[in-house]
Amino acid sequence: MITDSLAGFAAQVKDENPVHAAFLDAAIAQLLPDERAGLERYLGFCRGQGLSAAEIADAYNTIVNDTLMEQIYFQREGTYRHSSFQEVADAVYFNDDYMRRYMYGLAITGFLWPNHAALHRFFLDTLPRRRGGRYLEVGPGHGFYFMKAMELSGCDHYTGVDISRTSLDLTDAIVREYLPERVDDVSLVEADFLELEAGDEPFDLLVMGEVLEHVETPVRFLEKLAELAAPDARVFVTTCVNAPAIDHIYLYPDVASVENQLTGSGFTIVDKLLAPYTGKTLDECRELSLAINVAYVLRPG
């Protein structure tokens with residue numbers, strides 16, 4: 001059953017973007033009960049942050065429409081629109097208004113877009129429940145994964161590092177809303193990840209979700225991640241192949257190019273998920289250069 005708030009969100013989205021109606025109805029229908037409850041709660045969190053129903057729908061439609069425009073460009077040109085950080089930094093990461101809409105909308109896609117939902121489920125399924133020690137997330141973005149890691153894992157302290165003040169503020173807000181008793185266990189650092197110091201101890205659980213495609217030199221980020229990881233650390237990394245978006249600048253043309261960087265940067269692949277473009281098989285995605293979202297559980301060495 002669709003509750004009033006979810007039905008209201010769907011109606012608002014479809015009113016603004018009627019061509020998305022069939023996709024949205026199918027996405028809501030496939031939600032598992034706990035996922036539907038999770039989306040409901042996140043919509044409530046958005047309202048608690050002062051967003052109106054129209055603003056929440058606009059945030060989601062921003063992702064839908066901007067991604068569609070970049071897909072059209074990619075299919076025509078065979079490359080992403082931008083290739084340098086400087087081209088997108090001011091318009092996205094350092095633009096508080098756009099970044100908030102982008103992050104709220106992106107979090108909602110984690111429930112509604114089948115490929116993003118698959119990554120979300122994989123993260124929850126593979127997250128170590130009993131591992132203690134120190135947690136590091138690079139680029140927490142909307143903060144939802146960061147919060148779920150706090151909720152489900154056994155780490156003693158949680159650090160998030162991001163260049164975007166907006167992202168850190170959103171992460172802080174979602175932790176305070178969902179886990180107010182744990183706020184003292186969190187450090188949120190506004191910094192360039194490549195300049196982050198490990199301190200006296202390495203990290204035991206590390207997450208880098210949807211970062212590599214946003215940077216010019218992903219190998220440097222992976223090597224830094226390996227440098228900060230304890231010898232027996234568990235590492236979770238996601239990225240995407242042939243997946244244009246407004247701020248994607250590094251193009252992985254195939255899955256092998258991702259995996260070669262991972263293993264070449266000092267990691268062993270323990271588990272992985274390949275999530276094809278909605279309605280397509282992996283073979284069709286490879287043939288047509290359509291998006292494949294990829295997620296990896298790694299260990300150093």
Side-chain angles (χ1 to χ4, degrees), residues 38 103 106-107 109-110 115-164 167-168 170-172 174-175 178-179 182 185-194 196-199 201-215 218-240 258-259 261-262 265-273 275 293-300:
M103 289 297 101
L106 188 63
T109 71
N115 49 348
H116 289 191
L119 296 184
H120 187 191
R121 292 164 185 157
F122 186 69
F123 175 74
L124 297 180
D125 288 345
T126 60
L127 183 70
R129 297 300 200 264
R130 296 182 177 85
R131 179 177 290 267
R134 304 173 69 208
Y135 174 94
L136 172 67
E137 184 164 338
V138 183
H142 46 64
F144 197 87
Y145 276 40
F146 190 93
M147 177 275 295
K148 294 303 290 186
M150 290 186 64
E151 183 179 69
L152 298 175
S153 74
C155 291
D156 307 303
H157 194 81
Y158 297 81
T159 298
V161 58
D162 204 303
I163 58 167
S164 168
S167 288
L168 295 175
L170 290 173
T171 300
D172 179 69
I174 199 170
V175 170
Y178 282 70
L179 301 167
R182 300 291 305 281
D185 298 334
V186 173
S187 298
L188 297 175
V189 182
E190 185 178 357
D192 181 341
F193 169 62
L194 296 178
L196 185 70
E197 297 293 335
E201 300 177 43
F203 292 95
D204 304 281
L205 179 56
L206 303 91
V207 173
M208 182 184 283
E210 304 303 300
V211 170
L212 298 177
E213 67 274 21
H214 296 262
V215 301
V219 168
R220 291 183 63 197
F221 277 69
L222 289 169
E223 290 174 345
K224 181 68 174 182
L225 200 66
E227 174 191 326
L228 297 175
D232 63 344
R234 181 57 64 96
V235 181
F236 184 85
V237 171
T238 72
T239 186
C240 48
V258 178
E259 296 185 357
Q261 284 192 358
L262 294 173
S265 299
F267 292 108
T268 296
I269 298 172
V270 176
D271 199 359
K272 68 180 179 180
L273 172 74
N293 287 87
V294 296
Y296 295 91
V297 177
L298 310 168
R299 61 173 175 80

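Computed from a prediction, not measured in an experiment: that's the story for all the values here. As a basis for the values below, the full set of heavy atoms in this structure was taken, side chains included, without hydrogen atoms, waters or symmetry mates.
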Between NE2 on residue H116 and SG on residue C240, distance to nearest 0.5 Å: 7.5 Å
Taken to the nearest 0.5 Å, the spacing of E223 CD from Q261 CD works out to 9.5 Å
Side chains of F146 and L188: closer than 4.5 Å at any heavy-atom pair? yes
On a heavy-atom basis, the closest approach of G132 and D156 is C-OD2, 4.2 Å
Listed once per pair and sorted, the salt bridge (charged side-chain N to carboxylate O under 4.0 Å, His left out) pairs that draw on residues 144-155, sequence neighbours left out: K148-E151
Show every donor-acceptor pair shorter than 3.5 Å between a side-chain atom in residues 293-300 and any protein atom, with sequence neighbours excluded, or say none if there are none.
from: N293; atom 1: OD1; to: N115; atom 2: ND2; distance (Å): 2.8
from: Y296; atom 1: OH; to: E259; atom 2: OE2; distance (Å): 2.8

How long is the gap from CG on D192 to NZ on K224, to the nearest 0.5 Å? 9.0 Å
A side-chain contact here means heavy atoms from C-beta on lying under 4.5 Å apart; do T238 and F122 qualify? no
What pair of heavy atoms forms the shortest contact from G133 to D204, and how long is it? CA-OD2, 3.1 Å
Nearest heavy-atom contact between T171 and G143 is OG1-CA, 3.4 Å
Aromatic plane relationship, F236 with F123 - under 30° parallel, 30 to 60° tilted, over 60° perpendicular: perpendicular
Answer whether the closest heavy-atom distance between the side chains of V211 and T239 falls below 4.5 Å. no
Between I174 and H142, is any pair of side-chain heavy atoms under 4.5 Å apart? no
When you compare the side chain of S153 with that of L205, does any pair of heavy atoms fall below 4.5 Å? yes
Taking the side chain as every heavy atom from C-beta outward, state whether V186 and D172 have any atom pair closer than 4.5 Å. no
With a 4.5 Å heavy-atom cut-off, do L196 and L136 have their side chains touching? yes
How far does CG of D185 sit from SG of C155, to the nearest 0.5 angstrom? 10.5 Å
List the atom of L168, the atom of P140, and the distance in Å for their closest heavy-atom pair. CD2-CG, 4.3 Å
Assess whether side chain to side chain contact (heavy atoms under 4.5 Å, CB included) is satisfied between D271 and T126, documenting all intermediate values. CA-CA 9 Å; D271 199 359; T126 60; 4.1 Å; yes
Quick one: pull up NE2 in H214 and CZ in F221 and give me the separation to the nearest 0.5 Å. 11.0 Å
Contact check, side chains of E210 and L119, non-hydrogen atoms, under 4.5 Å: yes
Chi angles and distances behind the side chain to side chain contact (heavy atoms under 4.5 Å, CB included) call for L225, V237: CA-CA 10 Å; L225 200 66; V237 171; 3.9 Å; yes
I need the minimum non-hydrogen distance between P202 and A229, along with the two atoms involved. CB-C, 3.8 Å
Without swapping roles, check the side chain of R129 against the backbone of L127 for a donor-acceptor pair under 3.5 Å. yes
Should the pair Y135 and Y158 be assigned to parallel (<30°), tilted (30 to 60°) or perpendicular (>60°) ring geometry? tilted
Working to the nearest 0.5 angstrom, can you tell me the gap between R134 CZ and E201 CD? 6.0 Å
